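Just below is one structure, and these are the notes that go with it.
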Amino acid sequence: MQSYTIGQAARLLGVSPDTARRWADAGRVATHRDDSGRRLIDGRDLAAFSIEIAQGGDSGDDDASYTSARNAFPGIVTAVKLGDVAAQVEIQAGPHRLVSLLTREAVEELGLEVGMQATARVKSTNVHVDRI
């Protein structure tokens, strides 16, 4: 399972690294240390936490702005639902929850699973998912 540094988690959650660090210090999201002593957050834990703060509206940064540069929404995969032919992928990008319907084959080729970083790219009414 992919893990994220405090800085990476902050970027995905749309907050400052200090805010993400305070949340970790307060026990709001579980962390562990790697061999070099860096604090990491497991992807599944970060995915669950991103949904929690998005639903509660708690961004932690009152002055944070959320923008979409060229309609790209970097975030974390929070759900993958596979059908026989089609699939549904949900990405939490800061306060934004994006849902993409794509083929099962595309999801399998990208190796998408909950807790991974991904970028939703939006053009008109289509959402394309890029694996990071």
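A quick note: this is a predicted structure, and the numbers were derived from the prediction, not measured. These values consider heavy atoms only, across backbone and side chains, with no hydrogens, waters or symmetry-generated copies.
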Worksheet item: Under 4.5 Å between side-chain heavy atoms, hopping through other hydrophobics if needed: is there a path connecting L101 to L98?
Response: no
Discussion item. If the condition is side-chain hydrogen bond (donor to acceptor under 3.5 Å, both in side chains), which residues does R11 pass it with, not counting sequence neighbours?
Written reply: none
Worksheet entry | Test item: E52 side-chain N/O and A54 main-chain N/O as donor-acceptor pair under 3.5 Å | no
Item to complete: Would you check if T78 and S50 make a side-chain contact, meaning some heavy-atom pair closer than 4.5 Å?
Response: yes
Practice prompt. For residues I91 and T119, determine if any side-chain heavy atom of one lies less than 4.5 Å from a side-chain heavy atom of the other.
Written response: no
Worksheet item: Counting only heavy atoms not in E105, do more than 12 fall under 6.0 Å of its CD?
Response: no
Practice prompt. Return the minimal non-hydrogen interatomic distance between A9 and Y4, and the atom names on each side.
Written response: N-CB, 4.3 Å
Listing, residues 106-115 side-chain donor-acceptor contacts under 3.5 Å, not counting sequence neighbours, or none:
{"unit_1": "E108", "atom_1": "OE2", "unit_2": "R104", "atom_2": "NE", "d": "2.7"}
{"unit_1": "E108", "atom_1": "OE2", "unit_2": "R104", "atom_2": "NH2", "d": "3.4"}

Worksheet item: For A30, which residues count as a side-chain contact (heavy atoms from CB on, under 4.5 Å) partner, sequence neighbours excluded?
Response: D45
Response to the item:
The reported gap from NE2 in H32 to CG in D34 (rounded to nearest 0.5 angstrom) is 7.0 Å
Worksheet item: If you group Ile, Leu, Val, Met, Phe, Trp and Tyr by side-chain heavy-atom gaps below 4.5 Å, do W23 and L46 land in one group?
Response: yes
Practice prompt. Apply side-chain contact (heavy atoms from CB on, under 4.5 Å) to T31 and list each qualifying residue two or more places apart in sequence or on a separate chain.
Written response: I6, A24, R39, I41
Discussion item. So, taking the atom named CZ in R28 and the one named CG in D25, what distance separates them when rounded to the nearest 0.5 Å?
Written reply: 12.5 Å
Practice prompt. Please name the pair of heavy atoms, one in L12 and one in P74, separated by the smallest distance, quoted to 0.1 Å.
Written response: CD2-C, 4.2 Å
Practice prompt. Mind checking the CD-CD1 spacing from Q2 to I76? Nearest 0.5 Å is all I need.
Written response: 8.0 Å
Item to complete: Scan residues 94-103 for pairs that pass salt bridge (Lys or Arg N to Asp or Glu O under 4.0 Å), counting only residues two or more places apart or in two chains.
Response: E90-R97
Worksheet item: In terms of hydrophobic clusters joined by side-chain contacts under 4.5 Å, are V99 and L82 together?
Response: no
Worksheet entry | Shortest non-hydrogen separation from Q8 to S3 and the atoms involved | OE1-O, 4.2 Å
Worksheet item: Are R21 and D18 close enough, and set up right, to give a salt bridge (charged side-chain N to carboxylate O under 4.0 Å, His left out), and what steps lead you there?
Response: CA-CA 5 Å; R21 201 171 291 108; D18 286 337; 2.9 Å; yes
Discussion item. Taking side-chain contact (heavy atoms from CB on, under 4.5 Å) as the definition, give me every residue that meets it alongside A48, ordered by chain and number, with sequence neighbours left out.
Written reply: none
Fill in: ILVMFWY cluster, F49 and L40 together (side-chain gap under 4.5 Å)
no
Worksheet item: If Ile, Leu, Val, Met, Phe, Trp and Tyr residues are connected whenever their side-chain heavy atoms lie under 4.5 Å apart, and connections chain through other members, are L102 and V80 in the same group?
Response: yes
